[in-house]
Student: 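Quick one: the structure is below, questions incoming.
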Amino acid sequence: MNQAAQTKTTATKTTNTSRKVRGLVKKMYQDAHEASRRGEPTAYAFIMSFSDEIIRAMDITPVWTENYAGLCAAKRDAGRFLQSATGEGFPKDLCTYALCGLGFDALRARLGQMPPQAPDGGMARPTVMLGSGMMVCDPRYKWFQALQRYMDVPFYAHNLLWPPYPCDLDEAEGYYTRFLARELRGLIDFLEGQTGRKMDWDRLSETVDLAERTLKIWWRAYDLRRAVPAPMPSEDAFNCMVPGWFLLGTREALDFYTELHDEVKARVDQGQGVIPEEKYRVLWAGGLPPWHSLSIMNYFESLGAVFPIEVVYRPWDPVEISPRVTDPLERMAQRMFKAWTYRFRRADSNSGVPDVELLLEWIDKYRIDGVFMHRAFSCRTVHVGQIHLLNVLKEYCDLPQLILESDMVDVTTFSEERVKTQIGAFVETMEAARERRA
Amino acid sequence: MTVKGQKTGLARAEEICRDPAAEARRLKGQGQRIMGYLCCYVPAEILTAAGLVPYRISGEMRRTPTLSDAHLEMIMCSFTRSAFDLALRGGYDFLDGFIVPHACDNIVALYNVWHRSLKPPYSRFLNVPHVVSPAALEFLESEFESFRKSLAEFTGREISEAGLREAVALHNENRGLVRRLYQLSRTDPPRLSGVETTRVLKAAQVLPVEESSKLLGEVIAEVEERPAGPPSGRARIMIHGAQEDDTVFVELVEALGAEVVIDDLCTGTRPFWHDVDPDDPPLRALAERYLDKIYCPRTLRPRQGTRQEDLEARFGHIRELARQWKADGVILHIYRFCDILGFDAPDLKRYLQEDGRPVLLLEDEYNLSAEARLRTRIEAFLEMIDPGRRGEG
């Protein structure tokens with residue numbers, strides 16, 4: 001990417017709270033190395049797998065492998081790891097988070113040491129690897145299975161299923177939540193067996209409580225972003241998701257979002273916006289960010305377009321769990337079930353697509369002028385179905401739409417000139433649509 | 001072979017393979033209801049017990065999809081795009097229902113699009129867990145019970161335990177016949193070619209189970225009458241991959257002088273190699289079979305023992321097929337954007353090579369988009385194989 005896209009814009013867009021995130025990230029990888037040195041357990045793991053509270057309550061230090069790939073991409077240092085993986089025979093079209101991670105560990109195995117100048121000191125070698133058999137995201141169990149080629153480390157995956165849409169929620173809730181709670185129990189059994197540590201169930205309950213409080217204040221902070229002008233942009237949120245998804249179940253995460261909430265509220269009260277003259281509000285309606293080229297969002301802003309909210313890396317919707325449910329695993333299971341089925345009933349009476357219901361709700365709530373998606377070529381989990389979503393959305397809402405194609409890790413897929421041309425045309429379309437409405 | 005105007009055996013299989021929809025429309029004309037399903041994780045036994053015809057959905061290997069581009073991303077696997085393309089062309093207008101199992105990210109996404117866009121009279125997503133565990137088994141039994149109830153509601157007919165047992169027996173018989181069919185390609189030369197096997201299996205997966213078994217029986221009887229010839233000297237090949245529901249790729253390999261004698265494909269041996277236990281309660285037995293007895297890389301069995309033992313558990317069945325059918329080489333035919341097979345490819349390749357078998361890894365599209373390149377690579381592979389090593393194992 002040339003210098004233009006890297007240019008920084010005015011500083012008002014970045015919240016002070018989000019400036020703490022880079023330090024937190026560095027510390028996370030450092031913490032894992034230190035835990036390893038002390039002989040304490042560490043785990044390769046995936047965010048949003050409902051294992052956070054369990055890991056934290058057992059004092060196991062996580063290493064978030066997907067996000068390390070994102071870090072490598074942001075540092076423009078993923079290429080050598082991707083090449084390492086394809087050189088090992090992995091097809092190049094696989095998830096590049098996984099390819100980057102596999103390439104990293106393959107290289108470490110070949111070198112017999114940490115790859116030189118690995119970003120943030122590299123990923124600590126784990127004691128265990130925790131995958132998940134998810135509703136979507138096949139790499140979340142295939143990656144660590146394949147990784148055993150380079151590291152003979154115990155691997156466990158728990159099932160993480162939620163019902164498809166449509167379904168009879170009343171019928172499904174019982175056997176789905178029972179299943180998830182048992183799977184989480186299986187994860188605890190595995191960790192107890194591997195680490196020799198026993199679960200402190202009172203502590204797990206406290207950790208679950210902490211996580212629930214964190215998710216609520218995080219959601220409330222983001223709810224404030226409906227204000228005009230936008231008090232906090234999506235590129236800020238792509239940083240601010242770190243405590244929520246990487247440190248969930250810790251006091252640090254709760255404090256972070258409490259501070260963020262207060263700062264965003266102050267910005268709203270003062271009418272402080274992201275850019276001096278906000279002309280268009282764009283919904284980040286889907287797709288993992290191109291971590292290698294996030295500065296392209298500056299180009300949107302230079303044209304008066306701001307992203308007030310984003311569908312990805314958002315906190316779970318605020319679901320209500322009965323206080324009568326006191327078992328921590330049942331609480332986690334209910335949170336997952338209710339969060340994933342949050343808009344099912346609304347979809348029944350409208351579009352027939354829960355994700356479209358989210359977009360429609362947010363287009364109204366955040367006063368959106370245009371809908372944007374990024375499509376990462378290597379990830380089916382998040383990116384297949386985007387065309388369908390936008391097609392259905394168009395039946396209900398005629399806002400301009402744009403999909404940009406590249407990848408979340410592989411910078412060679414990104415063409416700045418092409419992207420800028422597309423963004424320019426998109427902004428013109430938003431302007432034309434506004435004139436038609438006037 | 002034709003008897004009183006009605007083709008039988010291989011001729012009938014070829015006819016159905018060429019136009020499976022015509023067969024479905026014939027059945028529909030007779031008042032039968034046709035339920036399309038994807039992948040080998042849908043318990044066809046429950047459909048049969050409900051009086052419905054299970055119909056395995058395919059794409060069109062001989063056509064590049066175009067209509068589906070307006071609905072599905074190019075980063076989806078080419079099989080799912082092709083199957084939906086065929087649906088958009090009206091190729092599945094006879095379906096009374098559409099059933100998708102939780103097999104991989106690609107077909108999870110396809111379910112959402114198909115269900116909303118084509119609005120079949122009945123649609124159902126079956127959530128099959130990826131990871132084998134006691135809780136997963138209990139869950140899948142509940143999921144199948146829910147499936148049974150929804151089909152009973154759709155058809156207005158009770159699906160009894162006796163009906164399920166009868167359906168299990170019929171499908172076990174059908175699977176047994178397919179395994180007998182494969183025995184016909186163990187000989188040298190094989191009595192049944194890879195192209196013929198593909199045709200028969202495609203036909204067998206779109207017919208009501210009784211008709212399917214009748215067809216298989218006819219084919220077996222017909223082929224068993226073929227005289228045994230002298231050894232052909234042609235390389236014996238195994239193909240591993242996903243859905244090869246037309247003969248295009250097998251034709252290519254056989255046209256280059258090889259014999260495709262065995263496979264590990266989801267329209268080949270994979271759905272037929274293991275039966276449902278007829279003595280257990282039917283839904284429990286079905287859950288056990290569909291959770292743990294189908295050897296597809298989409299299912300994760302928790303590792304037991306050493307790394308080598310884990311590799312044996314994951315790939316040992318493929319090696320055994322290669323050994324028993326005396327395969328001289330194995331082609332891993334992996335479709336682009338298939339994460340499930342793609343992650344396994346380096347381990348599987350090495351595992352089979354360590355057993356002394358040459359392996360060719362082809363990353364390709366369902367529609368064989370680059371046939372000339374494939375031809376060159378397969379030719380080179382066949383030249384590299386030394387037929388003199390055949391017979392080991």
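Throughout, a chain's letter reflects where its sequence line sits, starting with A, and its residues are numbered from 1.
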Student: Are B:Phe139 and A:Tyr176 close enough that their ring centers fall under 6.0 Å?
Tutor: yes
Student: What option among B:Pro302, B:Ala109, B:Pro297 has the most heavy-atom pairs under 4.5 Å with chain A?
Tutor: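 With the most close heavy-atom pairs to chain A, the winner is B:Pro297.
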Student: Can you tell me which of B:His115, B:Glu143, B:Glu138 forms the most heavy-atom pairs within a distance under 4.5 Å of chain A?
Tutor: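 Highest number of pairs under 4.5 Å: B:Glu143.
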Student: Which one of B:Lys149, B:Arg124, B:His102 has the most heavy-atom pairs closer than 4.5 Å to chain A?
Tutor: B:His102
Student: Just wondering, are more than 12 heavy atoms of other shown residues or ligands nearer than 6.0 Å to NZ in B:Lys293?
Tutor: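 More than 12 heavy atoms, drawn from other residues, nucleotides or ligands, come within 6.0 Å of this atom.
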Student: If we count only N and O atoms by modelled type, under 3.5 Å, do the side chains of B:Arg303 and A:Gln148 hold a donor and an acceptor together?
Tutor: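 A donor-acceptor contact under 3.5 Å links the two side chains.
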Student: So which of B:Ile75, B:Val113, B:Asp105 has the largest heavy-atom pair count under 4.5 angstrom toward chain A?
Tutor: B:Asp105
Student: Let's test your reading of the structure: which of A:Leu390, A:Leu389, A:Ile403, A:Asn159 forms the most heavy-atom pairs below 4.5 Å with chain B?
Tutor: A:Asn159
Student: So for B:Val108, is it side chain, backbone, both, or neither that comes closer than 4.5 Å to the heavy atoms of chain A?
Tutor: side chain
Student: Using modelled atom types and a 3.5 Å cut-off, is there a donor and acceptor pairing between side-chain atoms of A:His388 and backbone atoms of B:Arg116?
Tutor: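 No, because the side chain of A:His388 does not come within donor-acceptor range (under 3.5 Å) of the backbone of B:Arg116.
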Student: Identify which of B:Asn106, B:Asn127, B:Leu126, B:Ile334 forms the greatest number of heavy-atom pairs closer than 4.5 Å to chain A.
Tutor: B:Asn127
Student: Any Lys/Arg nitrogen of B:Arg336 or A:Asp93 sitting under 4.0 Å from an Asp/Glu carboxylate oxygen of the other?
Tutor: yes
Student: Against chain B, label A:Leu102 side chain, backbone, both or neither, depending on which of its atoms sit under 4.5 Å from a heavy atom there.
Tutor: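 Answer is side chain: those atoms of A:Leu102 sit under 4.5 Å from chain B.
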Student: Quick check on side-chain hydrogen bond (donor to acceptor under 3.5 Å, both in side chains): which of A:Glu183, A:Arg182, A:His158 does B:Ser133 satisfy it with?
Tutor: A:Glu183
Student: Please classify the contact between A:Tyr175 and chain B as side chain, backbone, both or neither, with a heavy-atom cut-off of under 4.5 Å.
Tutor: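 Contact with chain B involves both backbone and side-chain atoms of A:Tyr175.
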Student: Run the salt-bridge test on B:Asp339 and A:Lys142 with the 4.0 Å N-O cut-off and return the result as yes or no.
Tutor: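 The answer is no: the pair does not qualify as a salt bridge.
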Student: Any idea which of B:Met74, B:Arg350, B:Lys349 has the most non-hydrogen atom pairs under 4.5 angstrom with chain A?
Tutor: B:Arg350
Student: Has A:Asn391 got a side-chain atom pairing as donor or acceptor with B:Ala70's backbone, closer than 3.5 angstrom?
Tutor: yes
Student: Quick one: are B:Pro129 and A:Phe179 in side-chain contact, heavy atoms under 4.5 Å?
Tutor: yes
Student: Any donor-acceptor pair under 3.5 Å linking the side chain of A:Arg380 with the backbone of B:Met76?
Tutor: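 Not a single qualifying donor-acceptor pair exists.
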Student: Test your reading of the model: is there a side-chain donor-acceptor pair from B:Glu73 to the backbone of A:Ile387, 3.5 Å cut-off?
Tutor: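 Yes, B:Glu73 side chain to A:Ile387 backbone: donor-acceptor pair under 3.5 Å.
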Student: At a 4.5 Å cut-off on heavy atoms, which part of A:Asp138 comes close to chain B: side chain, backbone, both, or neither?
Tutor: both
Student: So which part of B:Leu361 gets closer than 4.5 Å to some heavy atom of chain A, the side chain, the backbone, both or neither?
Tutor: side chain
Student: B:His130 vs A:Tyr141 aromatic rings, parallel, tilted or perpendicular, using cut-offs 30° and 60°?
Tutor: tilted
Student: For A:Met135, which atoms come within 4.5 Å of any heavy atom of chain B: side chain, backbone, both, or neither?
Tutor: both
Student: Drop me the distance from A:Gln145's CD to B:Phe343's CZ, to the nearest 0.5 angstrom.
Tutor: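 Answer for the CD-CZ pair, A:Gln145 versus B:Phe343, is 10.5 Å.
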Student: Distance from B:Leu300 atom CG to A:Phe144 atom CZ, nearest 0.5 Å?
Tutor: 12.0 Å
Student: Counting a contact as any heavy-atom pair under 4.5 Å apart, which residues of residues 161-174 of chain A contact chain B?
Tutor: A:Leu161, A:Trp162, A:Pro163, A:Pro164, A:Tyr165, A:Pro166, A:Glu171
Student: Let's test your reading of the structure: which of A:Gly352, A:Ser378, A:Cys137, A:Ala146 forms the most heavy-atom pairs below 4.5 Å with chain B?
Tutor: A:Cys137
Student: What distance do A:Asp152 atom CG and B:Thr306 atom OG1 have between them, rounded to the nearest 0.5 Å?
Tutor: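 Output value for this atom pair is 8.0 Å.
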Student: I'd like to verify something: which residue of A:Arg185, A:Lys92, A:Glu395 has the highest number of heavy-atom pairs under 4.5 Å with chain B?
Tutor: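 Of the options given, most contacts go to A:Glu395.
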Student: Given that the side chain runs from C-beta out, which part of A:Arg178 has a heavy atom under 4.5 Å from chain B: side chain, backbone, both or neither?
Tutor: side chain
Student: Who in residues 310-318 of chain B is close to chain A, using a strict under-4.5 Å heavy-atom cut-off?
Tutor: B:Asp310, B:Arg314
Student: At a 4.5 Å cut-off on heavy atoms, which part of B:Cys77 comes close to chain A: side chain, backbone, both, or neither?
Tutor: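 When you check distances to chain A, no heavy atom of B:Cys77 falls under 4.5 Å.
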Student: Tell me the closest heavy-atom pair linking B:Gly342 and A:Pro91, and the distance in Å.
Tutor: O-CD, 3.4 Å
